[in-house]
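Let me begin by presenting the structure, written as structure tokens, before commenting on it.
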There are 2 protein chains.
Amino acid sequence: MQTPEQALASYLAARNLKMTPQRRLILREFLQSGSHVSCEDLWARVKAVDGSIGQATVYRTLKLLADSGLANPVDFADGVTRYEPHYGQEHHDHLICEQCRTSIEIVDPVIERRQEALAKRHGFVLSHHRMSLYGLCAACRAKASGS
Amino acid sequence: MQTPEQALASYLAARNLKMTPQRRLILREFLQSGSHVSCEDLWARVKAVDGSIGQATVYRTLKLLADSGLANPVDFADGVTRYEPHYGQEHHDHLICEQCRTSIEIVDPVIERRQEALAKRHGFVLSHHRMSLYGLCAACRAKASGS
DNA sequence: TTAAGTGCAAATAGTTTGCAGGGAC
DNA sequence: GTCCCTGCAAACTATTTGCACTTAA
């Protein structure tokens, strides 16, 4: 089993791209920063370690990670692209509280299977999908009814 | 059964907002423009009828329509917010070809039910959801293998 | 050695906002 | 008459790009 850094290295090598200290650092911080990091967030983390790193490099590297399959873009419908690590992880979808913005990762094998079936029926071959369920979590509902 | 325009009118009246010729025109063109219109697209259509209408008004009105429940924002993951009419229509999700950008509207009662169940299990009450399946349609796959 | 990567700043794209005038109620 | 609405242009935000310089392979 290879580490994420090795995975990135071989992805880069395979297309004549280079492993740099910046990419190594951004990858490391990305993996440690939990789910749903925006480029801005990650840039802040990365700058704390190496203040000389430019924002454009973070954008470029995150896109690279997404292409290589190590990161997945996540859409929270708020105009900011967020990414989550995708390495040796199962795919999952999101359950998002519209009040407190908490998000829970969910998977449902039945849904996944139906999605494939649906696509097939229309002649599609799926590469990926996004499913986000929006609503109110128990805590926020309690607060709302209490007030 | 009230018409969309009447629905908008009562929404506006209920909150001391006003019905204007611009809003009437934008609503009409919006309803006629099929699914998945961007603000830009709709502005073009509207300008063809009344060249004096500003882009900001279209943005503002689409947001208003979304608030009133007459329009739904749809996310195609390409950086542009699109809207689809949502009036006396059933909910549906999207199957999107990543090559030609064709989209097919889909619904699966089994998936819908599982979504509710999932949410309930986590203490959520859902207000809405978005599900988009990305892949290649039959035509594009044929083209790809042929070349 | 040399193509690729970097930081910076400027550019872009989509969307929002401030404002002065116009219009619905 | 009173607010709300409009068009315009400028502002804003997230992201991308051009460029001169640096660096991994």
Side-chain angles (χ1 to χ4, degrees), chain A residues 5-6 8-30 36-68 71 73-83, chain B residues 5-6 8-30 36-68 71 73-83:
Chain A
E5 188 177 317
Q6 288 167 346
L8 179 58
S10 47
Y11 176 87
L12 294 173
R15 38 205 90 202
N16 281 358
L17 305 178
K18 293 168 185 171
M19 177 58 90
T20 64
Q22 289 90 337
R23 286 177 176 171
R24 234 187 296 265
L25 173 59
I26 292 169
L27 173 60
R28 204 187 71 204
E29 290 300 318
F30 172 62
H36 321 143
V37 212
S38 66
C39 291
E40 197 79 23
D41 293 343
L42 186 54
W43 186 35
R45 287 187 65 112
V46 161
K47 268 199 302 190
V49 181
D50 177 350
S52 73
I53 287 189
Q55 188 173 24
T57 302
V58 177
Y59 272 97
R60 286 188 277 231
T61 303
L62 272 176
K63 191 169 280 190
L64 184 73
L65 292 180
D67 288 343
S68 77
V74 189
D75 172 39
F76 274 38
D78 64 351
V80 184
T81 304
R82 291 155 203 284
Y83 291 87
Chain B
E5 188 177 317
Q6 288 165 345
L8 179 59
S10 47
Y11 176 87
L12 293 173
R15 40 206 90 203
N16 281 359
L17 305 178
K18 292 168 184 170
M19 177 58 91
T20 63
Q22 290 90 336
R23 286 177 176 170
R24 234 185 294 267
L25 172 58
I26 292 169
L27 173 61
R28 203 186 72 205
E29 289 301 318
F30 172 61
H36 319 143
V37 212
S38 65
C39 292
E40 196 79 23
D41 292 343
L42 186 55
W43 186 35
R45 288 186 66 113
V46 161
K47 268 199 302 189
V49 181
D50 177 350
S52 74
I53 288 189
Q55 188 172 24
T57 301
V58 178
Y59 272 98
R60 286 188 277 231
T61 303
L62 272 176
K63 192 169 279 190
L64 184 73
L65 292 181
D67 288 343
S68 78
V74 189
D75 171 40
F76 274 37
D78 64 351
V80 185
T81 304
R82 291 156 202 283
Y83 291 86

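What you are looking at is a predicted structure, and each value in this text was computed from that prediction instead of being measured. First the proteins, then the strands, lettered A, B, ... as listed; each starts at 1.
Within the 4.0 angstrom heavy-atom criterion, base atoms lie near A:R60. If you check every strand for non-hydrogen atoms under 4.0 Å, B:S38 touches nothing.
With C:dG14, D:dC5, D:dA25 as the candidates, the nucleotide lying closest to the side chain of A:K18 is D:dA25. When each of D:dA25, D:dT6, C:dT15 is scored by its nearest atom to the side-chain atoms of B:T81, the top-ranked nucleotide is C:dT15. Closest to the side chain of A:C39, out of D:dT16, D:dC5, D:dT15, is D:dT15. Here the nucleotide nearest the side chain of B:A56, chosen from D:dA14, D:dA9, C:dG5, is D:dA9.
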Name each donor-acceptor pair under 3.5 Å that joins a side chain in residues 18-26 of chain B to protein atoms two or more places apart or in another chain, with its distance.
unit_1 : atom_1 : unit_2 : atom_2 : d
B:T20  : OG1    : B:R23  : N      : 3.2
B:R23  : NH1    : B:K18  : O      : 2.7
B:R24  : NH1    : B:E5   : OE2    : 3.1

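Nucleotides of DNA chain C nearest to A:Q22 and B:R82 differ in position, and the one nearer the 5' end is that of A:Q22. In this structure, A:V58 and B:L17 both approach DNA chain C, and ranking their closest nucleotides by distance from the 5' end singles out A:V58. Between A:P21 and A:Q55, the residue whose closest nucleotide on DNA chain D is further toward the 5' end is A:Q55.
Looking only at distances, a side-chain donor or acceptor of B:W43 sits under 3.5 Å from a matching main-chain atom of B:I53.
Atom CG of B:L64 sits about 6.0 Å away from atom OH of B:Y11, to the nearest 0.5 Å. Note that the CZ atom of A:R60 and the CD atom of A:Q55 stand 11.0 Å from one another [nearest 0.5 Å].
Listed pair B:K63 / C:dT16 meets the phosphate criterion, a side-chain N or O lying under 4.0 Å from OP1 or OP2. Regarding contacts with the backbone of C:dT6, a side-chain N or O of A:R23 is found under 4.0 angstrom from either OP1 or OP2. Taking side-chain N and O atoms only, B:Y59 has a distance below 4.0 Å to OP1 or OP2 of C:dT15. B:T20 has a side-chain polar atom (N or O) that falls below the 4.0 Å cut-off from OP1 or OP2 of D:dT6.
Here D:dT15 presents its P atom at 7 Å from OH of A:Y83, a figure rounded to the nearest Å. Separating the CD atom of B:E40 from the C1' atom of C:dT15 is a distance of 10 Å, rounded to the nearest angstrom. Whole-Å rounding puts the B:Y11 OH to D:dC5 P distance at 11 Å.
Shown here for B:C39 and B:Y83, the closest heavy-atom pair between the two residues is SG-CE1, 4.1 Å.
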